Structures are given as structure tokens and as C-alpha cells.
> 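Below: one structure in C-alpha cells.
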Amino acid sequence: MATKALSFALSLNDLTNNHFSSNTPHTAAKVSVFTVKCSSSGGGERPWKNSDARLVLEDGSIWKAKSFGASGTQVGEVVFNTSLTGYQEILTDPSYAGQFVLMTNPHIGNTGINFDDVDTRAITRRLRQDGSLIGVLTTDNSRTDEELLHMSKSWDIVGKDLISGVSCKTPHEWVDKTKQQWEFSKVPGETFHVVAYDFGIKHNILRRLASYGCKITVVPCTWPASETLKMKPNGVIFSNGPGDPSAVPYAIETVKNIIGKVPVFGICMGHQLLGQALGGKTFKMKFGHHGGNHPVRNLRSGHVEISAQNHNYAVDPATLPEGVEVTHINLNDGSCAGLAFPAQQLMSLQYHPEASPGPHDSDYIFREFIELMKQGKNRTKGRLHQLSTAHALDA
């Protein structure tokens, strides 16, 4: 799985406040310890285990928990997701590399079955107030709280190249379509060759492209632009992916060398890379957008879509050059959610049109990419016709 599991029962009934001892380097840190309280009316050995794991956040709070599925120690950025369902897709999404995912909807299982279990939204409230926090999750009892706090304060997700760890290593063809029982759109019959840059691409993006009649070649994140252009694709897609877009200058350079030569479509990380390649800037959001219920307005049509989102960075539209159009905005905070640059045959979204999990309001975006590639085909045919006519006149 691409994501570190963060699912455990918490209790606020045994809240205690402690300070680290004065002979440690972290004397200013205040620790709030949250433990699981289990009660039994009879004596004897309990049929369940007591808390055996700790989540230590960089703000000094410590959350005791019960682990399952894995053991060890891991550091990452803690983010919360508000999706109502689809945790299987969320936990296997490569865009969450380097992060812990905190589920906030009770139907997914963040609340217990008795009054001794309090839901994990207590952590979510901290993240909304203070922003995303670095945390260490461990089942190793030999590590002290001070050590774990030091780990959380010593690691940062900013500036780290995380896409190289989730990208494919060699080019390959993708042929699987959306299964018939899940298909909900009438797809075109024309075939388009699309090169998809794998920055952590979700399989359902590839399935939707295949369902819309695309022949897809998936390439690694370091694949040279010159090799892509040799394939003579009808279009190029820059996929979603984890982490900081500023940490992957090689990807930005690749995007620069492809823009304007073929129609391009960026999703999430791809959207941010396009923004930087055009000369714009990106910034880290307080706690990002993670969930399947984010309202977005299409500024061209005026329609509101409920979208699936997963990102901690955004493009600053004020830094983009003339000619770039903001096509979508997030209605929760007004941030840029989509771009278009018609003169360069470019379009992008900050969220997931394949929406797996999530609503299908934005699936039409794939049709718009198909139309963009059709226009590109017609432009190419027109140029070839002009060249042919010119040669004939010269003869």
C-alpha cells in the first residue's frame, strides 16, 4: 500500500498532561496523552489487547492506540480525509506517499462501539486549527516519547521528491477499460494515442482514458520529453502524485519541453507542474484538500460539481502569465481548481475527474481532453495540407 495505516481507537477519558524532563533537549514540549480505556466486569485475562501503539505529533500530543496489520516505526505528515466511503482506494492512492491518512467519517470506523472509545476527529480538529502536522506512529515500546517527538520535529515533507518512489520504472502499455457495470458515459469511437506520465497515477485515470478510446503508453516520471515527442502522441497527460511540486525540477523541465507541441492535460500534481512550467508559483496549503465532497465551480458554465480531491499544494493564479485562464475554483476557499491555456492546447484540474472514490460530476473533463486532441489532430492535418500545397506550387 502507498499509505501508512492510521486507524485506531482513541479515548479522551484518561487525558493527562505531562512535561518532558528538564534534562532532555525538548523541555518546552507539552504532552497530552490519549489512551484507550477498556473495562471488564469479570476478572481473568482480557480477550483483546491493550494499547500497543503511539502516534506522537510535532505539537507534543501523544495518542495511545491499538495497532493492526503492521508493526514498526514510521514518520509522515498527518492529513485528514472527509470521504464518506472508498477507504480502499484512499489507502492505496500513491498521492498519499509520505503521509498518514486520518479518516473522519464515522461510517468508515473511526468511532467505537462503546462510550470508552472517542473518534479520531479530535486529531482532525488539531489539524484544522494548526495545519497538517508531522507525526510518528510506532509499535516499538523501546522508543521513548522524547525520541519520537524529536523524530517528528526533525522530518519535513517540504522539498522531498516523493514521486520517484511511486512512479513506474519502464514504459508500458495500458489497455484495461472501466468495467461495463461501472460505465456511465457514452464513449467516442475515435482512437487517440496518449502518453501518460506516471507521477503516481491512479489506475482509474487510465481506465477512464481507455474507455474514452485512448491507446495509452505509461512512462516513468523521468522519461525525456524528446522520447515522448518521438512517439508522436495525440496528447500527453501529467498525472497526480505525492508531495511538493517544487521538489521535482526535472519533471517541471519535462513539462516545459512538451507544452505547446501537443495537447496536454494535468491532474493534481500534473496541474501544479503545469502551473510552475508556465512561470507560476505553487504554495503549501494549511491542511490541504482531502475528500470526496469538495464543491467546485466551473467558471465557464457556472455549474457546481462535487469533486474528489487530494492535495496539499495549490497554484497561485496571480503569478501566471497572460493568456492562462482559471477555469474552476474551489468553493470552500476560493483556491484555483482548474486552468486552461488555449493558445498552448493546455488544460488542467487540481482535483480527480475519475473520482474513485467520489462522485462522477467531473467525468466530462475527459471528453474535453478528447476534444482538445481532436483539435490538435485537425491542426496537424491543416499544417500538412499547407505544406503539401506549398510543395506542389514550388514544383
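Being a predicted model, the structure only gives us computed values, none of them experimental.
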> Is the closest basic N to carboxylate O distance between Lys160 and Asp244 below 4.0 Å?
no
> Judged by atom type as modelled, is there a donor-acceptor pair below 3.5 Å linking the side chain of Asn330 to the main-chain atoms of Val296?
no
> Minimum heavy-atom separation for Ala53 and Thr139, please, with both atom names.
CB-CG2, 4.0 Å
> Does the side chain of Leu127 come within less than 4.5 Å of Val78's, by heavy atoms?
yes
> Can you find a pair of side-chain heavy atoms, one from Gln99 and one from Pro242, that are under 4.5 Å apart?
no
> Starting at CG of Asp176, measure out to NE2 of His203 and round the result to the nearest 0.5 Å.
9.0 Å
> Any chance you could measure Ser164, atom OG, to Phe199, atom CZ, to the nearest 0.5 Å?
11.5 Å
> Relative to each other, are the rings of Phe265 and Phe366 parallel, tilted or perpendicular (30° and 60° limits)?
perpendicular
> Looking only at atom types and distance, does a side-chain atom of Lys202 sit under 3.5 Å from a main-chain N or O of Ser95, one as donor and one as acceptor?
no
> Do the side chains of Tyr250 and Ile201 join up, straight or via other hydrophobic residues, at under 4.5 Å, putting them in one cluster?
no
> Using modelled atom types and a 3.5 Å cut-off, is there a donor and acceptor pairing between side-chain atoms of Thr144 and backbone atoms of Glu147?
yes
> Output, in order, the C-alpha distance, side-chain angles, deciding distance and verdict of side chain to side chain donor-acceptor pair (under 3.5 Å) for Asp363 and Tyr212.
CA-CA 11 Å; Asp363 191 74; Tyr212 273 93; 2.5 Å; yes
> So with a 6.0 Å cut-off around NZ of Lys169, is the heavy-atom count from everything else above 12?
yes
> For His289 and His294, which I'm curious about, is there any donor-acceptor pair between the side chains at under 3.5 Å?
no
> Please determine whether residues Trp155 and Ile62 belong to a single hydrophobic cluster, defined as Ile, Leu, Val, Met, Phe, Trp and Tyr linked transitively by side-chain heavy-atom distances below 4.5 Å.
yes
> Is there a chain of hydrophobic side chains (I, L, V, M, F, W, Y, each step under 4.5 Å between heavy atoms) that links Tyr364 to Val194?
yes
> Under the salt bridge (Lys or Arg N to Asp or Glu O under 4.0 Å) test, which residues partner Lys284, sequence neighbours left out?
Glu77
> Which value, rounded to the nearest 0.5 Å, describes the distance between Glu227 atom CD and Thr222 atom OG1?
11.5 Å
> Check for me, please, whether Phe192 and Leu209 land in the same ILVMFWY cluster - side-chain distances under 4.5 Å, paths through other members count.
yes
> When you measure from the side chain of Ser211 to the backbone N and O of Thr178, does any donor-acceptor pair fall under 3.5 Å?
yes
> Given side chain to side chain donor-acceptor pair (under 3.5 Å), test Glu305 with Ser362 step by step and report yes or no.
CA-CA 7 Å; Glu305 308 160 23; Ser362 305; 2.5 Å; yes
> For Leu331, check side-chain contact (heavy atoms from CB on, under 4.5 Å) against everything at least two apart and list the hits.
Pro295, Arg297, Val304, Ile329
> So, Lys215 and Glu173, do they make that salt bridge, N to O below 4.0 Å?
yes
> Among Leu339, Leu299, Asn298, which residue satisfies the side chain to side chain contact (heavy atoms under 4.5 Å, CB included) criterion with His328?
Asn298
> For the backbone of Ile134 and the side chain of Glu58, can you confirm whether one donor and one acceptor N or O come within less than 3.5 Å of each other?
yes
> Show your reasoning for whether side chain to side chain contact (heavy atoms under 4.5 Å, CB included) applies to Cys214 and His193.
CA-CA 6 Å; Cys214 296; His193 179 209; over 6 Å; no
> Within the distance-only criterion (no hydrogens, no angle test), does the side chain of Thr327 pair as donor or acceptor with the backbone N or O of Ala340 below 3.5 angstrom?
no
> Kindly compute the distance separating OG (Ser132) from CZ (Phe80), expressed to the nearest 0.5 Å.
7.5 Å
> Are Pro171 and Trp223 close enough that some pair of their side-chain heavy atoms sits under 4.5 Å apart?
yes
> Ignoring hydrogens, what is the shortest heavy-atom contact between Pro357 and Glu89? Give both atom names and the distance.
CD-CB, 3.4 Å
> With the side chain counted from C-beta on, respond yes when Arg126 and Trp63 share a heavy-atom pair under 4.5 Å apart, and no when they do not.
yes
> Can you tell me if Gln309 uses its side chain to pair, donor with acceptor, with the backbone of Gly292 under 3.5 Å?
no
> Of all residues at least two apart in sequence or in a different chain, which pass the salt bridge (Lys or Arg N to Asp or Glu O under 4.0 Å) check with Lys177?
none
> Are Glu354 and Arg207 close enough for a salt bridge, meaning some N to O gap below 4.0 Å?
no
> In the structure I gave you, are the side-chain heavy atoms of Thr138 and Gln74 within less than 4.5 Å of one another anywhere?
no
> Do the side chains of Val264 and Met347 get nearer than 4.5 Å, heavy atoms only?
no
> With a 4.5 Å limit on heavy-atom distance, are the side chains of Ile259 and Phe341 in contact?
no
> In residues 315-324, what donor-acceptor pairs under 3.5 Å come from side-chain atoms, sequence neighbours left out?
residue: Asp316; atom: OD1; partner: Ala318; partner atom: N; Å: 3.1
residue: Thr319; atom: OG1; partner: Lys281; partner atom: N; Å: 2.8
residue: Thr319; atom: OG1; partner: Asp316; partner atom: O; Å: 2.7

> Salt bridge or not for Lys66 and Asp52, using N-O below 4.0 Å?
no
> Should the heavy atoms of other residues, nucleotides or ligands under 6.0 Å from NE2 of His172 be counted, would the total exceed 12?
yes
> If only atom types and distance count, is the side chain of Ser167 paired as donor or acceptor with the main-chain N or O of Ile163 below 3.5 Å?
no
> Does a donor on one side chain sit under 3.5 Å from an acceptor on the other, for His352 and Asn204?
no
> Within the 4.5 Å heavy-atom criterion, are His271 and Cys336 side-chain neighbours or not?
yes
> Could you give me the CA-CA distance, side-chain angles and deciding distance for Asn81 and Tyr87, then say whether side chain to side chain donor-acceptor pair (under 3.5 Å) is met?
CA-CA 9 Å; Asn81 188 297; Tyr87 62 90; over 6 Å; no
> Drop me the distance from Asp198's CG to Ile205's CD1, to the nearest 0.5 angstrom.
10.0 Å
> Can Val236 be reached from Ile216 by stepping across I, L, V, M, F, W or Y side chains whose heavy atoms are under 4.5 Å apart?
no
> What is the distance from atom CG of Asp130 to atom CZ of Arg125, rounded to the nearest 0.5 Å?
12.5 Å
> Who clusters with Met285? Use side-chain heavy atoms, under 4.5 angstrom, across I, L, V, M, F, W and Y, and order the result by chain and number.
Phe283
> Restricting to non-hydrogen atoms, name the atom on Ala97 and the atom on Val166 that form the minimum distance, rounded to 0.1 Å.
CB-CG1, 3.9 Å
> Can Ser246 and Gln276 be said to form a side chain to side chain contact (heavy atoms under 4.5 Å, CB included), step by step?
CA-CA 8 Å; Ser246 299; Gln276 289 212 8; 2.9 Å; yes
> Please test Asn310 against Asn240 for side chain to side chain donor-acceptor pair (under 3.5 Å), starting from the C-alpha separation and ending with a verdict.
CA-CA 9 Å; Asn310 175 21; Asn240 61 290; over 6 Å; no
> To check you understand the geometry: which heavy-atom pair defines the closest contact between Gln345 and Gly260, and what is its length?
NE2-O, 4.2 Å
> According to side-chain hydrogen bond (donor to acceptor under 3.5 Å, both in side chains), who are the partners of Thr124, at least two apart in sequence or on a separate chain?
none
> Within the distance-only criterion (no hydrogens, no angle test), does the side chain of Ser301 pair as donor or acceptor with the backbone N or O of His303 below 3.5 angstrom?
yes
